[in-house]
Amino acid sequence: MARPGGFEAAEQQQQQVLSRQQERHYRLLAELQALVKALPSACQQRLSYSTLSELALVLLDGTVFEIVQGLLEIQHLTEKNLYSQRRQLHSEHRGLKQELFHRHKEAQQCCRPHNLPLLRAAQQREMEAMEQQIREEQRMMDEKIVLELDQKVIDQQSTLEKAGVSGFYITTNPQELTLQMNLLELIRKLQQKEAETEKTFS
């Protein structure tokens with residue numbers, strides 16, 4: 001019994017789509033293999049053919065490229081924001097120090113000579129207390145920055161794991177983090193290549 005013509009055409013179309021996807025998969029895989037050669041040898045050993053093949057598969061439809069782009073933009077915004085908060089704190093501290101210095105200077109000018117040693121000792125203690133407070137505030141700010149950046153890493157790991165990108169899961173192991181950073185870099189470089197190729201053909 002002959003198959004209906006429409007069914008055959010649909011099957012042919014599906015075959016074409018599959019073969020196009022397979023070609024794209026091979027091309028992405030070949031590009032990933034080329035990019036991996038630039039990585040440190042310890043990382044190269046961890047990125048087996050099957051890992052790269054899986055990575056090429058999840059990159060097929062371009063969604064992961066968009067996810068990575070979004071994550072990197074969020075990271076840059078966070079870093080910029082934290083850096084500006086730190087600068088703001090630094091400038092507030094500088095202002096406080098200058099203010100204290102001027103206040104001390106004025107007090108010394110109005111002070112009777114025989115009281116000067118006492119005044120200077122008191123001012124020295126006040127200056128040291130302020131320095132201590134400034135150091136403490138800077139330490140707290142730096143801790144807050146580290147915690148926020150760590151949280152961003154966890155968000156990235158979790159998002160990419162949910163998107164099915166192999167090698168990504170929540171971890172604080174330095175070797176795994178290095179591998180994940182290298183994987184992110186591979187995806188980013190591949191995305192740039194893809195964008196350039198699209199520009200050439202558009």
Side-chain angles (χ1 to χ4, degrees), residues 14 17-90 138-202:
Q14 197 178 1
V17 167
L18 282 174
S19 106
R20 266 202 307 271
Q21 277 189 326
Q22 203 163 16
E23 273 172 38
R24 182 165 158 75
H25 179 240
Y26 287 140
R27 187 169 55 77
L28 288 172
L29 180 55
E31 284 180 1
L32 280 169
Q33 285 173 308
L35 287 169
V36 164
K37 288 180 181 144
L39 295 178
S41 59
C43 262
Q44 287 184 36
Q45 286 160 10
R46 300 269 323 268
L47 295 168
S48 63
Y49 177 87
S50 62
T51 305
L52 292 176
S53 181
E54 281 174 31
L55 183 56
L57 268 177
V58 289
L59 295 174
L60 273 181
D61 70 351
T63 312
V64 171
F65 285 140
E66 287 170 24
I67 292 171
V68 166
Q69 186 63 37
L71 289 173
L72 289 174
E73 281 169 15
I74 292 169
Q75 184 184 331
H76 291 152
L77 277 174
T78 306
E79 285 169 1
K80 218 166 144 184
N81 184 20
L82 291 170
Y83 176 68
S84 101
Q85 282 179 33
R86 196 174 190 280
R87 242 189 11 215
Q88 166 92 20
L89 185 69
H90 190 68
Q138 280 174 343
R139 188 187 60 77
M140 282 163 67
M141 169 62 83
D142 289 341
E143 271 178 21
K144 174 186 168 223
I145 288 174
V146 168
L147 282 172
E148 274 201 46
L149 292 177
D150 283 350
Q151 186 54 51
K152 280 287 159 278
V153 170
I154 291 170
D155 294 346
Q156 288 177 356
Q157 291 170 333
S158 162
T159 304
L160 290 166
E161 182 183 19
K162 283 177 191 151
V165 185
S166 57
F168 282 92
Y169 58 95
I170 293 172
T171 177
T172 53
N173 177 325
Q175 287 159 314
E176 294 303 308
L177 284 172
T178 303
L179 187 70
Q180 290 181 349
M181 279 162 64
N182 282 311
L183 278 169
L184 261 182
E185 189 59 18
L186 286 178
I187 294 171
R188 214 178 52 76
K189 282 183 175 161
L190 202 52
Q191 184 181 17
Q192 287 170 343
K193 272 190 156 184
E194 290 282 289
E196 283 162 23
T197 311
E198 276 173 30
K199 263 189 216 158
T200 313
F201 289 112
S202 61

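From a predicted model like this one, the values you see are computed outputs, not experimental measurements. Along the sequence shown, residues carry numbers from 1.
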Side-chain touch L82/R86, heavy atoms, less than 4.5 angstrom: no
Run the numbers on V153 and T172 for side chain to side chain contact (heavy atoms under 4.5 Å, CB included), then give the verdict. CA-CA 9 Å; V153 170; T172 53; over 6 Å; no
Give the intermediate values and the outcome of side chain to side chain contact (heavy atoms under 4.5 Å, CB included) for residues E31 and E194. CA-CA 10 Å; E31 284 180 1; E194 290 282 289; 4.0 Å; yes
Is there side-chain contact between E185 and L39, with heavy atoms separated by less than 4.5 Å? no
Checking side chain to side chain contact (heavy atoms under 4.5 Å, CB included) for the pair V146/D150: CA distance, chi angles, key distance, verdict? CA-CA 6 Å; V146 168; D150 283 350; 3.7 Å; yes
Quick one, L55 and T51 - any side-chain contact, counting heavy atoms below 4.5 Å? no
Are Q75 and E79 linked by a side-chain donor-acceptor pair shorter than 3.5 Å? yes
Report the distance from atom CG of L47 to atom NZ of K37, rounding to the nearest 0.5 Å. 13.5 Å
Measure the spacing between OG1 of T159 and CD of Q157 and express it to the nearest 0.5 Å. 10.0 Å
Nearest-0.5 Å distance that lies between atom CG in L35 and atom CG in N182: 11.5 Å
Any salt bridge linking E143 with R139? Criterion: basic side-chain nitrogen under 4.0 Å from a carboxylate oxygen. yes
CZ/F65 to CG/L190 distance, rounded to the nearest 0.5 angstrom? 4.0 Å
Rounded to the nearest 0.5 Å, the CG atom of L57 sits from the CD atom of Q22 at a distance of 10.0 Å
Ignoring hydrogens and geometry beyond distance, is a side-chain donor-acceptor pair present between Q151 and D155 at under 3.5 Å? yes
Is the shortest heavy-atom distance from the side chain of D61 to the side chain of Q21 under 4.5 Å? no
With side chain to side chain contact (heavy atoms under 4.5 Å, CB included) as the test, would you mind laying out the steps for L183 and V165 before giving the verdict? CA-CA 9 Å; L183 278 169; V165 185; 5.8 Å; no
Answer with yes or no whether the side chains of E196 and Q192 bring together a donor and an acceptor at under 3.5 Å. no
Between the main-chain N or O of Q138 and the side-chain N or O of H90, is there a donor-acceptor pair closer than 3.5 Å? no
Which heavy atom in Q180 sits nearest to a heavy atom in Y169, and how many Å separate them? NE2-O, 3.0 Å
Any idea which heavy atoms bring R188 and L72 closest together, and the distance? CD-CD1, 3.3 Å
Which atom pair, heavy atoms only, marks the closest approach of H25 to A56? CD2-CB, 3.5 Å
Hey, are the side chains of R46 and E176 touching, using non-hydrogen atoms and a 4.5 Å cut-off? yes
Are side-chain heavy atoms of L29 and Y49 found at a separation under 4.5 Å? yes
With rounding to the nearest 0.5 Å, note down the distance linking CZ in R27 to CG in L60. 9.5 Å
